[in-house]
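For the numbers below, each heavy atom of this structure counts, side chains included, while hydrogens, waters and symmetry mates do not. What you are looking at is a predicted structure, and each value in this text was computed from that prediction instead of being measured. Index from 1, following the sequence.
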Amino acid sequence: MINIVLFGPPGSGKGTQAQHLIEKYNLKQISTGDLFRFNMKNETELGKMAKSYIDQGHLVPDQVTTDMLIEELRKTTDTEGFIFDGYPRTTNQTEALEKIVKDQLDAEITVCLSLVVDDEVLVQRLLKRGETSGRTDDSNEEIIRNRIKEYYLKTAEVAELYKQQGKYVEVNGVGEIDEISAKLFAEVDKVK
Ligand code: AMP
């Protein structure tokens with residue numbers, strides 16, 4: 001089983017690269033951002049609660065996010081592994097994920113792949129996406145900058161934890177999409 005944590009600030013191309021990794025290694029993706037957006041669209045209780053945080057560019061509380069992830073993992077069968085996209089973002093979530101993967105899948109996190117993109121490139125990419133995606137959190141530069149700031153504040157510690165385990169790999173996230181994918185594949189092939 002291959003379990004990849006795909007890591008990177010908002011706008012770093014996580015979603016696109018996850019798609020390529022899924023096809024290459026027959027994985028299923030779990031994106032907590034997508035799950036929240038699905039819940040908001042359907043106006044579930046979870047969605048309504050999450051919206052107040054997401055619209056401000058803040059993280060949704062750990063417990064709610066982790067419960068949602070566990071539920072999604074339970075529902076997902078028939079796969080050779082998972083890509084975790086947008087989770088974990090805190091130390092608490094990192095520890096929770098290790099336990100969940102062990103208990104539910106009898107497996108481990110294989111590698112944490114981190115896409116590295118300069119802040120100003122991220123802001124421009126997200127503003128552009130906001131013009132067409134309709135995502136409220138992509139439409140305002142201040143909210144975007146806040147999300148990037150939150151990323152560095154709260155998730156640097158996640159990178160640190162994977163570094164300590166020797167599982168953290170940085171890949172340059174600027175360039176041709178297929179070239180970035182090739183670099184990610186090479187890193188997975190080293191450890192799978
Ligand atoms: P994303 O699409 O991954 O950028 O997520 C969009 C928003 O959903 C984030 O800015 C957070 O408000 C929320 N979110 C997604 N994943 C998490 C997570 N693991 N922990 C807390 N909040 C999250």
Side-chain angles (χ1 to χ4, degrees), residues 4-18 29-41 44-72 82-98 100 109 111-165 167-174 180:
I4 298 169
V5 170
L6 190 56
F7 206 65
S12 62
K14 283 196 309 278
T16 305
Q17 293 302 337
Q29 177 189 11
I30 296 190
S31 157
T32 42
D34 284 351
L35 290 172
F36 282 131
R37 279 184 287 281
F38 177 83
N39 277 282
M40 289 194 291
K41 195 162 158 246
T44 65
E45 283 310 308
L46 173 67
K48 284 181 210 159
M49 195 282 283
K51 189 174 179 354
S52 57
Y53 295 93
I54 292 172
D55 281 353
Q56 296 299 314
H58 294 306
L59 292 181
V60 179
D62 282 337
Q63 193 58 51
V64 182
T65 310
T66 299
D67 287 348
M68 180 178 74
L69 179 98
I70 290 173
E71 185 56 32
E72 190 63 19
F82 288 91
I83 291 189
F84 298 98
D85 169 7
Y87 186 103
R89 273 169 149 104
T90 65
T91 297
N92 186 300
Q93 292 181 10
T94 311
E95 287 163 358
L97 184 62
E98 193 169 331
I100 294 161
I109 295 299
V111 66
C112 172
L113 298 172
S114 176
L115 290 165
V116 180
V117 179
D118 182 77
D119 280 6
E120 295 312 311
V121 176
L122 294 174
V123 172
Q124 294 315 316
R125 280 188 187 175
L126 289 168
L127 283 172
K128 198 153 170 248
R129 184 167 84 181
E131 288 170 11
T132 51
S133 71
R135 277 181 56 164
T136 47
D137 58 348
D138 279 346
S139 58
N140 174 304
E141 185 166 338
E142 200 185 320
I143 293 175
I144 289 172
R145 289 197 184 271
N146 196 35
R147 284 165 66 202
I148 296 172
K149 201 172 86 196
E150 283 250 13
Y151 168 82
Y152 287 116
L153 266 179
K154 293 203 173 156
T155 57
E157 62 195 44
V158 176
E160 199 48 49
L161 290 173
Y162 286 119
K163 266 183 212 162
Q164 284 167 16
Q165 297 178 16
K167 289 182 177 175
Y168 182 78
V169 180
E170 285 188 344
V171 170
N172 183 353
V174 182
I180 299 166

To the nearest 0.5 Å, how far apart are [atom1] in [X] and [atom2] in [Y]?
X	Y	atom1	atom2	value
Ile144	Leu127	CD1	CG	4.0 Å
Lys128	Leu126	NZ	CG	12.0 Å
Phe84	Gln93	CZ	CD	12.0 Å
Ile148	Asp119	CD1	CG	5.5 Å
Phe36	Thr65	CZ	OG1	3.5 Å

Validation: residues 6-16 side-chain donor-acceptor distances under 3.5 Å, sequence neighbours left out:
from, atom 1, to, atom 2, distance (Å)
Ser12, OG, Pro9, O, 2.8
Lys14, NZ, Gly8, O, 3.1

What are the two closest heavy atoms between [X] and [Y], and how far apart are they?
X	Y	value
Gln17	Leu115	CG-CD1, 4.2 Å
Ile100	Thr66	CD1-CG2, 3.8 Å
Pro88	Val5	CD-CG1, 3.7 Å
Lys167	Val111	O-CG2, 3.5 Å

Test log, rule side chain to side chain contact (heavy atoms under 4.5 Å, CB included), inputs Thr32 and Met68: CA-CA 8 Å; Thr32 42; Met68 180 178 74; 4.0 Å; yes
For [X], enumerate each residue passing the side-chain contact (heavy atoms from CB on, under 4.5 Å) test, keeping only those at least two apart in sequence or located in another chain.
X	value
Glu120	Asp118, Arg145
Ile143	Asp137, Asn140, Arg147
Leu161	Thr91, Thr94, Gln164
Leu59	Arg89, Thr90, Glu150, Lys154

Under-4.0 Å salt bridge between Lys48 and Glu45: yes
Asn39 side chain vs Leu35 backbone, donor-acceptor pair below 3.5 Å: yes
Under 3.5 Å: donor-acceptor pair, side chain of Asp85, backbone of Gln29: no
Lys163 atom NZ: more than 12 heavy-atom contacts under 6.0 Å: yes
Heavy-atom side-chain contact between Val117 and Arg125 under 4.5 Å: yes
Contact check, side chains of Glu98 and Ile109, non-hydrogen atoms, under 4.5 Å: no
With Ser133 via side chain to side chain donor-acceptor pair (under 3.5 Å) - residues at least two apart: none
Audit row: Asn172, Val116, side chain to side chain contact (heavy atoms under 4.5 Å, CB included) steps and yes/no: CA-CA 5 Å; Asn172 183 353; Val116 180; 5.5 Å; no
Gln63 versus Asp67, side-chain donor and acceptor atoms under 3.5 Å: yes
Test side chain to side chain contact (heavy atoms under 4.5 Å, CB included) applied to Tyr87 and Leu97, step by step: CA-CA 8 Å; Tyr87 186 103; Leu97 184 62; 3.9 Å; yes
